[in-house]
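Before any comments, here is the structure.
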Amino acid sequence: MSGLGNDTAGDAVDIVSDGRTDEERVARRDEAVRAAVEQGLLGPDSPIVGLLDVTGIRESAAALRAAFEAVTAPGTPVLHAFAVKATPLVPVLRLLSEAGIGAEVASPGELALARAAGLPPERTVLDSPAKTQAELREALELGIAVNADNPQELARIDALMRSAPSRSPLGLRVNPQMGSGSIEATSTATATSKFGVPLRDEGAREWVVGAYLERPWLTRLHTHTGSQGIPLSLMARGVAETYALAEEINERAGRRQIDTVDIGGGLPVNFSSDVTTPTYAQYARLLSEAVPGLFGGRYGLVTEFGRSLLAKHGTLLARVEYAKSAGGRPVAVTHAGVQVATRTVYAPAAWPLRLAAYDAKGRPKTGGEVVQDVAGPACFAGDLLAEARSLPPLEPGDVVAALDTGAYAFAHHYAYNSLARPGIHGFVPDGTGSVAFATVREAQGLDAIVAESGGAHASALTTLRTPGRP
Ligand SMILES: *Cc1c(COP(=O)(O)O)cnc(C)c1O
């Protein structure tokens, strides 16, 4: 534990460096928008593109590692496993891996992405509430860490462990049931959440303790109680309750059976300005004060942050195709809508997005703002990126940027209206005042859309006959 003097010094450094880091990120973003237009990544024939700030992603990975290094006893093993669902892109996983970050996967597809990125099994963690028998067998064969969600899954793991030994670290997910945050759909620790073993249900805690005592190979304990909309104090309580349970199990076992606590992810992101808050340093410090025993070196740690590592490093750019007016309100019709900002369009109150206006050359637009709607290309009235938003007047050819969309947004395509997946490019300053881009994912072509829509089976239905009929 660091002393008071160290903490004060740490605070001062954080405030200065975080502010500067945020300003530099905004400057890089403006440069990248201009360069994307100049270099033709965005134009009349490619009217939507996602951009990822490689420098920013590296900085966030480094900030996460430093935050936990500052509060853990020297030599404490800490695995930061990026929640792949937040940004399921192979080059992103490899970038994070190079920055010392592992992968938390929750489906066969996510595991395939992590393996394609070169993540080693010892830096991969499998969580999911619906793992099949085959998924479990593969994970145990590969030696990937698995957190069982429920008693039935644990019974499947029992059978696999009897048939072949595995070096997979194995744990159980518990739900401390501390209640909900401001967004119900992303609150994982409610009384009736579908995740993990509900600790406060009658008999559940005793069952959990017994499950560990019967299985010497069960060495991890997992919880994931945070998410967007959850206050940090509630997250810290979830971690504290999980730690208390680990202590109880080890006490009853008479040995340090649980050697690693997986505290999940879920640090909320500030979507209302360019300021990074809360920071990893703040959260790690809060946790180390709330649950000092967890950081003293007796337990290894696993974290599973997703949104907070990537959200602020993604920018979605869309051209304004038309600018019209309806009922006295200006409406900018753009190419970004429900297909790339699904949560925002369907639940705008919970997931508002900040927008920035750029002109046709990719320069920030200034001047008097007007209240307008920014609409997407999909054919339903609610397909709006923002309703009644004050922005400089948007004209055809202008560029609208949806900010903080690096997680759970443009990498999560929704195929409404058969709209194509946009291309995604990473960027870094090129050292000469401009910007270098690299393709992360190609824009989807029309052939690919036809193929994923049954193109290979065009006459499947017209040639299908009931047996015996002509
Ligand atoms: C979604 C998820 C995460 C990551 O959550 P973020 O809010 O993106 O940080 C981590 N662990 C589990 C088990 C999850 O389901």
Side-chain angles (χ1 to χ4, degrees), residues 57 60-61 63-64 67-68 79-89 92-93 96 101-107 109-111 113-114 123-131 135 139 144-150 153 171-176 180-190 193-197 220-232 234-236 238-239 242 260-271 276-280 282-284 287 301-314 343 350-351 404-412:
I57 296 170
S60 285
L64 171 58
F68 279 79
L79 169 65
H80 297 292
F82 173 64
V84 171
K85 77 168 183 282
T87 310
L89 296 166
V92 168
L93 303 183
L96 288 171
I101 307 289
E104 186 261 359
V105 300
S107 71
E110 289 181 358
L111 176 55
L113 300 189
R123 286 207 277 149
T124 306
V125 178
L126 174 65
D127 300 326
S128 142
K131 304 174 201 81
E135 277 178 81
I144 288 169
V146 176
N147 290 311
D149 180 85
N150 60 66
E153 188 185 332
L172 182 66
R173 177 168 181 172
V174 293
N175 169 12
S180 154
S182 62
I183 307 174
E184 194 65 35
T186 56
S187 292
T188 50
T190 58
S193 160
K194 72 173 180 181
F195 294 111
V197 178
R220 289 191 173 183
L221 188 61
H222 175 220
T223 194
H224 168 62
T225 58
S227 202
Q228 193 64 22
I230 308 262
L232 294 195
L234 201 63
M235 292 175 65
V239 173
T242 307
T260 301
V261 177
D262 181 337
I263 63 170
L267 194 70
V269 166
N270 169 27
F271 286 105
T276 301
T277 179
T279 63
Y280 288 124
Q282 287 164 338
Y283 183 49
L287 282 181
L301 290 172
V302 177
T303 75
E304 305 171 345
F305 296 101
R307 180 180 286 109
S308 54
L309 270 167
L310 258 294
K312 285 206 146 348
H313 306 307
R343 277 185 166 160
W351 302 101
D404 305 333
T405 45
Y408 303 103
F410 59 70
H412 292 60

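From a predicted model like this one, the values you see are computed outputs, not experimental measurements. In what follows, every heavy atom counts, from backbone to side chain, and hydrogens, waters and symmetry copies are set aside. Read the numbers this way: they start at 1 and go in the same order the structure lists the ligands and their atoms.
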At less than 4.0 angstrom from any non-hydrogen atom of [X], what atoms of ligand 1 do you find?
X: R307; value: 6 (P), 7 (O), 8 (O), 9 (O)
X: R173; value: 13 (C)
X: E304; value: 3 (C), 4 (C), 10 (C), 11 (N), 12 (C), 13 (C)
X: G266; value: 5 (O), 6 (P), 7 (O), 9 (O)
X: D127; value: 13 (C)

> Considering residues at least two apart in sequence or located in another chain, which fulfil the salt bridge (Lys or Arg N to Asp or Glu O under 4.0 Å) criterion with E135?
Replying inline: none
> Does some side-chain heavy atom of T87 sit less than 4.5 Å from a side-chain heavy atom of F82?
Replying inline: yes
>> I want to check something: taking the side chain as every heavy atom from C-beta on, are I263 and L287 in contact at a cut-off of under 4.5 Å?
In response: yes
> Can you check whether H80 and F68 have ring centres sitting under 6.0 Å from each other?
Replying inline: yes
>> Taking K85 first and then E110, would you say they form a salt bridge - that is, a charged N and a carboxylate O separated by under 4.0 Å?
In response: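 Judged by the 4.0 Å cut-off on N to carboxylate O distance, K85 and E110 do not form a salt bridge.
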>> Evaluate Q228 for polar contact with ligand 1, using N/O atom pairs at a separation under 3.5 Å.
In response: no
> Is G306 close to ligand 1, meaning an N/O of one under 3.5 Å from an N/O of the other?
Replying inline: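 Yes, at least one N or O pair falls under 3.5 Å.
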>> Can you tell me how far apart CG (L221) and OG1 (T260) are? Round to the nearest 0.5 Å.
In response: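 Interatomic distance, L221 CG to T260 OG1, rounded to 0.5 Å: 10.5 Å.
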>> Against ligand 1, does F195 come closer than 4.0 Å with any heavy atom?
In response: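 Not so, F195 does not reach ligand 1.
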